[in-house]
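Inspection log for the structure reproduced underneath, given as structure tokens.
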Protein chains: 2
Amino acid sequence: MIRYTPAETVQRSGFSLDTLRYYERIGLLEHVDRTTGGRRVFSDDDLGWLGLLRCLRDTGMPINVMCRFAELTRQGDETVADRVELLEQHSVAVEAQLELLLRQHGHLREKIAHYRAILAPDVC
Amino acid sequence: MIRYTPAETVQRSGFSLDTLRYYERIGLLEHVDRTTGGRRVFSDDDLGWLGLLRCLRDTGMPINVMCRFAELTRQGDETVADRVELLEQHSVAVEAQLELLLRQHGHLREKIAHYRAILAPDVC
DNA sequence: CTGACACCTGGAGTGCGCTCCAGGTCAACT
DNA sequence: AGTTGACCTGGAGCGCACTCCAGGTGTCAG
């Protein structure tokens with residue numbers, strides 16, 4: 001069973017140490033192990049969970065929804081259907097976000113092309 | 001020359017009235033016309049500019065960068081090259097954002113599939 | 001053993017992008 | 001003329017997601 005120091009976990013998860021502590025405080029991260037001296041020791045499971053949190057954050061899920069998801073996870077197997085529903089809803093939101101981003105990226109490209117035409121009107 | 005009331009502009013731009021006022025205050029929106037009574041009157045040009053602002057906001061450009069862009073625009077034609085550069089840089093950032101979002105959406109779909117497999121392990 | 005540095009806690013502070021409020025004014029309708 | 005509702009200003013407040021700080025403790029290389 002591989003265990004990670006806080007510094008290693010920062011490295012691997014991409015979250016800052018402060019953020020990891022914050023997540024623990026608000027219940028996004030539960031019963032992280034400690035050394036006798038009180039330092040955190042993260043497990044592979046913790047890293048996996050952090051990977052999921054990163055995915056949800058990167059796709060714009062608000063913290064309070066992630067907390068609800070964490071709460072469901074803590075309640076065990078009978079909440080799997082609820083979790084699927086939550087993730088499914090989020091997935092729809094992400095698809096909308098992707099579509100908007102793609103569309104606006106198109107507008108941006110058009111605008112750039114327009115400016116370029118002004119810069120070099122006779123170059124085809 | 002078509003002119004729009006604040007309410008119409010809210011409708012068409014998708015920005016709230018408070019946001020329009022805020023944008024004017026910080027210099028993102030300049031010399032909006034007024035009635036003799038002091039009410040704002042937006043022009044087609046204003047609407048076009050707001051459309052560009054919306055594109056930039058939707059693609060995650062920070063306000064202060066938009067202000068820089070607005071400032072360049074105010075300075076006239078000799079800043080077109082600078083504006084192209086700014087937009088080009090932003091476009092690269094948007095592409096990175098799209099890539100990340102797509103990748104994480106993939107992870108999300110995998111996670112959902114994984115949960116579904118737990119829910120109905122014998123259904124293929 | 002000592003020094004350096006990583007890490008701990010609770011709580012305050014920050015930056016962003018709005019959003020709301022109080023106290024008024026203007027304009028259109030009846 | 002009166003009423004209603006959209007709009008005005010300056011400034012304060014808010015929600016989010018961290019981030020920083022002070023003051024203290026653990027760990028480990030040399």
Side-chain angles (χ1 to χ4, degrees), chain A residues 3-43 46-47 49-50 52-71 90 93 97 100 104, chain B residues 3-43 46-47 49-50 52-71 90 93 97 100 104:
Chain A
R3 332 224 85 207
Y4 306 91
T5 65
E8 280 167 345
T9 309
V10 164
Q11 173 75 26
R12 284 165 189 266
S13 71
F15 291 114
S16 77
L17 187 48
D18 265 320
T19 298
L20 291 174
R21 291 198 272 245
Y22 168 67
Y23 281 4
E24 205 177 338
R25 249 188 287 194
I26 64 174
L28 266 186
L29 212 51
E30 229 196 5
H31 49 67
V32 175
D33 261 17
R34 301 297 180 116
T35 65
T36 53
R39 270 100 195 277
R40 287 172 184 81
V41 181
F42 294 88
S43 68
D46 291 329
L47 264 287
W49 176 248
L50 285 171
L52 180 52
L53 294 186
R54 174 135 295 285
C55 168
L56 298 178
R57 282 302 293 129
D58 282 351
T59 51
M61 180 180 282
I63 291 279
N64 63 78
V65 178
M66 288 179 18
C67 285
R68 220 151 59 68
F69 183 75
E71 176 60 24
H90 181 58
Q97 200 185 334
L100 175 63
Q104 296 292 36
Chain B
R3 330 226 86 208
Y4 305 92
T5 66
E8 280 166 344
T9 308
V10 164
Q11 172 76 26
R12 283 164 189 267
S13 71
F15 291 114
S16 77
L17 187 47
D18 265 321
T19 299
L20 292 174
R21 291 198 271 246
Y22 167 66
Y23 281 5
E24 206 177 336
R25 248 187 288 193
I26 64 175
L28 267 186
L29 212 52
E30 229 197 6
H31 50 65
V32 174
D33 260 16
R34 301 298 180 114
T35 65
T36 53
R39 271 97 195 280
R40 286 173 184 80
V41 180
F42 294 88
S43 68
D46 292 329
L47 264 288
W49 176 248
L50 286 171
L52 179 52
L53 294 186
R54 173 135 296 285
C55 168
L56 299 178
R57 282 303 293 131
D58 282 350
T59 50
M61 180 180 282
I63 293 278
N64 63 78
V65 178
M66 288 179 16
C67 284
R68 222 151 59 69
F69 183 75
E71 177 60 25
H90 180 58
Q97 202 186 332
L100 175 63
Q104 296 292 35

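Each chain gets a letter, A, B and so on, in the order the sequences are listed, and its residues count up from 1.
As a whole-Å value, the separation of B/Asn64 CG from C/dG17 C1' is 11 Å. For B/Ile26 and D/dG10, the CD1 to P distance is 15 Å, given to the nearest whole Å. One can place CZ of B/Arg57 at 9 Å from C1' of C/dC18, the figure rounded to the nearest angstrom. When rounded to the nearest whole Å, the span between OH of A/Tyr23 and P of D/dC18 equals 4 Å. Straight-line distance from the CG atom of B/Asp33 to the P atom of D/dC7: 16 Å, rounded to whole Å. Whole-Å rounding puts the A/Leu20 CG to D/dC18 C1' distance at 12 Å. Regarding A/Gln11, its CD atom lies at a distance of 12 Å from the P atom of C/dC7, rounded to whole Å. Rounded to an integer number of Å, the gap from CG of A/Leu29 to C1' of D/dC18 is 15 Å.
For DNA chain C, the neighbouring residues in residues 34-41 of chain B, judged by any heavy atom under 4.0 Å, are B/Thr35, B/Gly37, B/Arg39.
Here B/Phe15 lies out of heavy-atom contact (under 4.0 Å) with every strand.
Candidate nucleotides C/dC16, D/dA17, C/dC7 were compared by shortest atom distance to the side chain of A/Ala7, and C/dC7 ranks first.
Rounded to the nearest 0.5 Å, atoms CG (B/Leu17) and OG1 (B/Thr5) are 9.5 Å apart. Separating the CG atom in A/Asp46 from the CD atom in A/Glu24 is a distance of 9.0 Å, to the nearest 0.5 Å.
Within 6.0 Å of CZ on A/Arg3 lie more than 12 heavy atoms contributed by other residues, nucleotides or ligands. Crowding of B/Arg68 atom CZ: a count of heavy atoms from other residues, nucleotides or ligands under 6.0 Å not exceeding 12.
For the pair A/Leu52 and A/Phe69, the minimum side-chain heavy-atom distance is below 4.5 Å. With a 4.5 Å cut-off on side-chain heavy atoms, B/Ile26 and B/Cys67 count as touching. Inter-residue side-chain proximity for A/Leu50 and A/Leu20 is flagged as met; some heavy-atom pair is nearer than 4.5 Å.
The ring pair (Phe, Tyr, Trp, His ring centres under 6.0 Å) contacts involving residues 17-39 of chain A comprise A/Phe15-A/Tyr23, where partners must be two or more places apart or lie in separate chains.
Contact detail for A/Ala70 and A/Gly27: the closest heavy-atom pair is CB-O, 3.9 Å.
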Got a list of protein N/O to nucleotides 19-23 of chain C N/O distances below 3.5 Å?
unit_1 : atom_1 : unit_2  : atom_2 : d
C/dC20 : N4     : B/Asp18 : OD1    : 3.2

